[in-house]
Participant: 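Sharing a structure here in structure tokens format.
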Amino acid sequence: MNVLPSDPVARAAVRQGVSVSVATGLYGISFGALSVAAGVGLGPTMALSLLMFSGGSQFALIGVIGAAGTPVAAIATATLLGLRNTLYGAVVSPLLQVRGWRRLAAAHVTIDESTAVAVAQPEPAASRIGFWVTGVGVFVLWNAFVLLGALAGDALGDPRAWGLDAAAAAAFLALVWPRLAPRRAQLVAGLAVVATAALIPFVPPGIPVLAAAAVAVVVGLVSPNDPDAASGNGPGGAAEKESVR
Amino acid sequence: MTTTTLWVTVLVASLACYALKLGGHLVPRSWLASERVSRITTLVTVALLVSLVVVQGFADGLALTVDARVPALAVAALALALRAPFILVVVLAAGTAAALRALGWG
């Protein structure tokens, strides 16, 4: 894949993808250790990481199993949390323009991180690079560190001590930052904060993100044509026009 | 849960999660072509990213908490306002949270 593209925009996409992959991948240690502790053996733990490959759904499934829940409850919870990946797939699919087995592979690595890096790029070529570098990077590192965590348990320490949870939050903030110039985007961002914070205490993880997306759909439906988008707003405005093709 | 039940649970849930991902990729492109849909897609992107910031920065299971991640996010926002590069923003945030926790807070 694109080892060192000469285009600076593409290089930025690669760098973002690699940093997000490292921060996310290291979290696999927690999943591996927790999954084995929950009574899910090494084989099923690796099967989950390789085949389900969606952090929220994986943590939810082993949580239900660890709490002696039923198989149906475990499957339902994991599936509900995976619902946002459908939305992500619909968002990144027009950017990727892939068919056949590549589309099947793209679907498998459609997760929070690969979508976030892809949609944050100013042009479609960089979106494609960002998506694949992040998706494949997280897949490789996540599974490697899940294996390490499952074998070594807690001996490796808590990724929070290294600030990796804060690194992931900062990465998402850095990705949305250039898109916040239009006033309507600021309105949606504010509503998304309120909706997410209001729901976190009451619904399973993964649902607040869907609710925030629903709020954005409503704002998009009721608002008139966007003067900001038409006039352009630096990187954000350009990204919007490019991504809508 | 027996080993067989566990395997069936893992495989069925994985298949369901993959089907959800693929379903999104198979949405007909023509559905996404109108100006209104593209406007909504742009706003949904902002909402998703902001929501992920809140979840990753403030959620602890089902609780909202203020811990070392919050000052780390503030440092990240300052770095972004000063146009710092992406990797520096991420490293500064991790370093802030790690340092605060090493000092015994958050």
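Here the structure is a predicted model, which is why all the values come from computation and not from measurement. Letters go in sequence order (proteins before strands), and every chain restarts at 1.
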Participant: Tell me, side chain or backbone of A:Ala106 under 4.5 Å from chain B's heavy atoms, or both, or neither?
Facilitator: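 For A:Ala106, heavy atoms of backbone and side chain both lie under 4.5 Å from chain B.
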Participant: With a 4.5 angstrom heavy-atom cut-off, could you sort out which part of A:Ala161 is near chain B: side chain, backbone, both or neither?
Facilitator: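 Backbone of A:Ala161 only, per the 4.5 Å heavy-atom cut-off to chain B.
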Participant: Of all heavy-atom pairs between A:Thr86 and B:Leu20, which one has the smallest distance, and what is that distance?
Facilitator: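 Between these two residues, the closest heavy atoms are OG1-O, 2.8 Å.
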Participant: Go through the atoms of B:Arg69 and report whether side chain, backbone, both or neither lie under 4.5 Å from a heavy atom of chain A.
Facilitator: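 For B:Arg69, heavy atoms of backbone and side chain both lie under 4.5 Å from chain A.
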Participant: How far apart are the closest heavy atoms of B:Ala13 and A:Met52, and which atoms are they?
Facilitator: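 Closest heavy-atom pair between B:Ala13 and A:Met52: CB-CE, 3.4 Å.
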Participant: A:Leu96 and B:His25: side-chain contact (heavy atoms from CB on, under 4.5 Å), yes or no, with the steps?
Facilitator: CA-CA 10 Å; A:Leu96 296 176; B:His25 279 266; 3.9 Å; yes
Participant: Which region of A:Ile111, side chain (C-beta onward) or backbone (N, CA, C, O), has a non-hydrogen atom less than 4.5 Å from a non-hydrogen atom of chain B, or is it both or neither?
Facilitator: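 Side chain only.
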Participant: At a heavy-atom separation under 4.5 Å, does A:Leu87 approach chain B through its side chain, its backbone, both, or neither?
Facilitator: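 It is the side chain, since no backbone atom gets that close.
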Participant: Check whether B:Tyr18 reaches the backbone of A:Leu104 with its side chain - one donor and one acceptor, N or O, closer than 3.5 Å.
Facilitator: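 Checking the backbone N and O of A:Leu104 against the side chain of B:Tyr18, a donor-acceptor pair under 3.5 Å is found.
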Participant: Given heavy-atom pairs under 4.5 angstrom as the criterion, report whether the side chain, backbone, both or neither of A:Arg84 touches chain B.
Facilitator: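 Neither part, no heavy atoms under 4.5 Å.
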Participant: Just give me the residue among A:Ala213, A:Ala168, A:Pro71, A:Ala23 that pairs up with chain B most often, heavy atom to heavy atom, under 4.5 Å.
Facilitator: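 Looking at each option in turn, the highest pair count goes to A:Pro71.
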Participant: Contact part of B:Leu15 toward chain A, heavy-atom cut-off under 4.5 Å: side chain, backbone, both or neither?
Facilitator: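 The answer is neither part of B:Leu15.
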Participant: Under 4.5 Å from any heavy atom of chain A, what part of B:Leu6 do you find: side chain, backbone, both or neither?
Facilitator: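 It is the side chain, since no backbone atom gets that close.
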Participant: Testing the basics here: between B:Ser14 and A:Leu48, what is the closest heavy-atom pair and its distance to 0.1 Å?
Facilitator: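 Scanning both residues completely, I find the closest heavy atoms to be OG-CD2, 4.1 Å.
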Participant: For the CD1 atom of B:Ile40 and the OG atom of A:Ser223, what is their distance to the nearest 0.5 Å?
Facilitator: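 Reported to 0.5 Å precision, the distance equals 8.0 Å.
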Participant: Scan A:Leu210, A:Thr196, A:Val193 and name whichever one has a side chain to side chain contact (heavy atoms under 4.5 Å, CB included) with B:Ser51.
Facilitator: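 Result for side chain to side chain contact (heavy atoms under 4.5 Å, CB included) with B:Ser51: A:Thr196.
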Participant: For residues A:Ala90 and B:Val27, report the shortest heavy-atom separation together with the two atoms involved.
Facilitator: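 Shortest heavy-atom contact: CB-CG2, 4.1 Å.
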Participant: Grab the two heavy atoms, one from B:Ala47 and one from A:Ala216, that are nearest each other, plus how far apart they are.
Facilitator: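 Looking at all heavy atoms of both residues, the closest pair is CB-CB, 3.6 Å.
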Participant: Chain B heavy atoms under 4.5 Å from A:Phe59: which part of the residue, side chain, backbone, both or neither?
Facilitator: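 Neither the backbone nor the side chain of A:Phe59 comes within 4.5 Å of chain B.
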Participant: Out of B:Leu73, B:Val89, B:Thr5, which one racks up the most heavy-atom pairs below 4.5 Å with chain A?
Facilitator: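 Sorted descending by pairs with chain A, the first entry is B:Leu73.
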Participant: Search all heavy atoms of A:Ala170 against all heavy atoms of B:Ala76 and return the closest pair with its distance.
Facilitator: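 So the minimum-distance heavy-atom pair works out to CB-CB, 3.8 Å.
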Participant: Heavy-atom distances under 4.5 Å only: say whether A:Thr115 touches chain B with side chain, backbone, both or neither.
Facilitator: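 Contact with chain B is absent: no heavy atom of A:Thr115 under 4.5 Å.
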Participant: Yes or no on side-chain contact (heavy atoms from CB on, under 4.5 Å) for A:Arg184 and B:Val46, after CA distance, side-chain angles and deciding distance?
Facilitator: CA-CA 10 Å; A:Arg184 187 175 293 154; B:Val46 170; over 6 Å; no
Participant: Quick check on A:Val209 against chain B: is it the side chain, the backbone, both or neither that has a heavy atom closer than 4.5 Å?
Facilitator: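 Looking at A:Val209, backbone and side chain both touch chain B.
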Participant: Top residue by heavy-atom pair count (under 4.5 Å) with chain B, among A:Leu221, A:Thr70, A:Val91?
Facilitator: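 Looking at each of A:Leu221, A:Thr70, A:Val91 in turn, A:Leu221 comes out on top.
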Participant: Quick one: which of A:Ala212, A:Pro201, A:Ser19 has the most heavy-atom pairs under 4.5 Å with chain B, could you say?
Facilitator: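 Answer, by heavy-atom pair count under 4.5 Å with chain B: A:Pro201.
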Participant: If I measure from the heavy atoms of chain B, does A:Thr79 come under 4.5 Å with its side chain, its backbone, both, or neither?
Facilitator: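 Interface part for A:Thr79: both.
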Participant: Can you say whether A:Leu180 sits under 4.5 Å from chain B via the side chain, the backbone, both, or neither, judging by heavy atoms?
Facilitator: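 Looking at A:Leu180, just its side chain touches chain B.
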Participant: Check for a donor-acceptor pair, side chain of B:Lys21 on one end and backbone N or O of A:His108 on the other, with a separation under 3.5 Å.
Facilitator: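 Checked: pair present.
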Participant: Measure A:Val203 against the heavy atoms of chain B and call it side chain, backbone, both or neither at under 4.5 Å.
Facilitator: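 Backbone only.
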Participant: Can you say whether B:Ala72 sits under 4.5 Å from chain A via the side chain, the backbone, both, or neither, judging by heavy atoms?
Facilitator: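 Looking at B:Ala72, just its side chain touches chain A.
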Participant: Ignoring hydrogens and angles, tell me if any N or O in the side chain of B:Arg101 forms a donor-acceptor pair with the backbone of A:Arg160 under 3.5 Å.
Facilitator: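 A pair under 3.5 Å: yes.
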Participant: Chain B heavy atoms under 4.5 Å from A:Leu61: which part of the residue, side chain, backbone, both or neither?
Facilitator: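 The side chain, not the backbone.
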Participant: Under 4.5 Å from any heavy atom of chain A, what part of B:Val53 do you find: side chain, backbone, both or neither?
Facilitator: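 For B:Val53, backbone and side chain are both near chain A.
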Participant: Who in residues 77-86 of chain B is close to chain A, using a strict under-4.5 Å heavy-atom cut-off?
Facilitator: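 Near chain A, by residue number: B:Ala77, B:Leu80, B:Ala81, B:Phe86.
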Participant: Among the options B:Thr41, B:Leu64, B:Leu11, pick out the one with the most heavy-atom pairs lying under 4.5 Å from chain A.
Facilitator: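 The residue among B:Thr41, B:Leu64, B:Leu11 with the greatest pair count is B:Leu64.
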